Amino acid sequence: QVQVVESGGGLVQPRGSLRLSCAVAGSDFSAFTMRWYRQAPGKQRELVAVATTGTMTSYLHSVEGRFTITRDNARNTVYLQMNSLKPEDTAVYYCNAYRAFGFPVEYWGQGTQITVSS
């Protein structure tokens, strides 16, 4: 069974930083495209960052230059470094693992709350 677990959320002041971690257990982590999503109160879930099975990354425009997604295949973990945080970044952040190899599958973490407030 594949399990996706996020950690690292919490309360942070504007302009502060946090690093989220997402550990994937039960499968070959290196075969997954890893994504971070977020969902703010009353809003739809949006894609924040993507790390492919290679080295390519992509970001939501509003977080470009502030957020960095990295992956450590040896530790089966993807990270989201969040700098210069803004109140608008407040949301529940979700880790998503996706692969399409013969049969497409997708797994979601439970979410972790990020609150940016003074």
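What you are looking at is a predicted structure, and each value in this text was computed from that prediction instead of being measured.
By the 6.0 Å and 45° rule, Arg45 stacks over the aromatic ring of Trp108. By the 6.0 Å and 45° rule, Arg38 does not stack over the aromatic ring of Tyr94.
When side chains are defined from C-beta on, Ser17 does not count as touching Met82, because their heavy atoms never get closer than 4.5 Å. In this structure the side chain of Val50 never reaches within 4.5 angstrom of the side chain of Ile69, judged on heavy atoms. Counting heavy atoms from C-beta outward, Ser7 and Thr112 have side chains that stay 4.5 Å or more apart. Side-chain contact between Val4 and Asn96: absent, with no pair of heavy atoms (C-beta onward) separated by less than 4.5 Å. In this structure, Thr53 and Phe29 have side chains that are not in contact, with every pair of non-hydrogen atoms separated by 4.5 Å or more.
Between the side chain of Glu6 and the backbone N or O of Gln110, at least one donor-acceptor pair lies under 3.5 Å. The closest donor-acceptor contact from the side chain of Thr90 to the backbone of Val116 lies under 3.5 Å.
The two atoms that bring Ala31 and Arg99 nearest to each other are O-CB, 3.5 Å, heavy atoms only. Across every non-hydrogen atom of Pro14 and Ser117, the tightest pair is CD-C, 3.6 Å.
Partners of Arg75 under the salt bridge (Lys or Arg N to Asp or Glu O under 4.0 Å) rule, at least two apart in sequence or in another chain, are Asp72.
Phe32 and Tyr107 have perpendicular rings, their planes meeting at more than 60° on a 0 to 90° scale where under 30° would count as parallel.
Taken together through direct or relayed side-chain contacts under 4.5 Å among Ile, Leu, Val, Met, Phe, Trp and Tyr, Val63 and Leu85 form part of one hydrophobic cluster. No continuous path of hydrophobic side-chain contacts links Tyr98 to Val2 [ILVMFWY only; heavy atoms under 4.5 Å]. Note: the hydrophobic cluster containing Tyr79 does not contain Tyr59 (ILVMFWY, side chain heavy atoms under 4.5 Å, direct or indirect links). Leu60 is connected to Trp36 through a chain of hydrophobic side-chain contacts under 4.5 Å among Ile, Leu, Val, Met, Phe, Trp and Tyr, so both are in one cluster.
Between the OG atom in Ser27 and the CD atom in Gln3 there is a gap of 13.0 Å [rounded to 0.5 Å]. Rounding to the nearest 0.5 Å places CZ of Arg35 at 10.5 Å from OG1 of Thr52. Of the inter-residue distances, the one linking Gln81 atom CD with Leu20 atom CG reads 9.0 Å to the nearest 0.5 angstrom. Between the CD atom of Gln13 and the OG1 atom of Thr115 there is a distance of 13.0 Å, given to the nearest 0.5 Å.
Sequence neighbours left out, the pairs with a member in residues 48-67 that pass salt bridge (charged side-chain N to carboxylate O under 4.0 Å, His left out) are Arg66-Asp89.
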Review point. After noting the C-alpha distance and the side-chain angles of Leu80 and Tyr93, does the key distance pass the side chain to side chain contact (heavy atoms under 4.5 Å, CB included) rule?
Key: CA-CA 10 Å; Leu80 185 67; Tyr93 284 69; 4.1 Å; yes
Review point. For Ser30 and Asn73, what are the C-alpha separation, side-chain angles and deciding distance, and is it a side chain to side chain donor-acceptor pair (under 3.5 Å)?
Key: CA-CA 6 Å; Ser30 64; Asn73 288 346; 5.1 Å; no
Review point. Please walk me through it: do Val78 and Cys95 pass side chain to side chain contact (heavy atoms under 4.5 Å, CB included)?
Key: CA-CA 9 Å; Val78 65; Cys95 183; 3.9 Å; yes
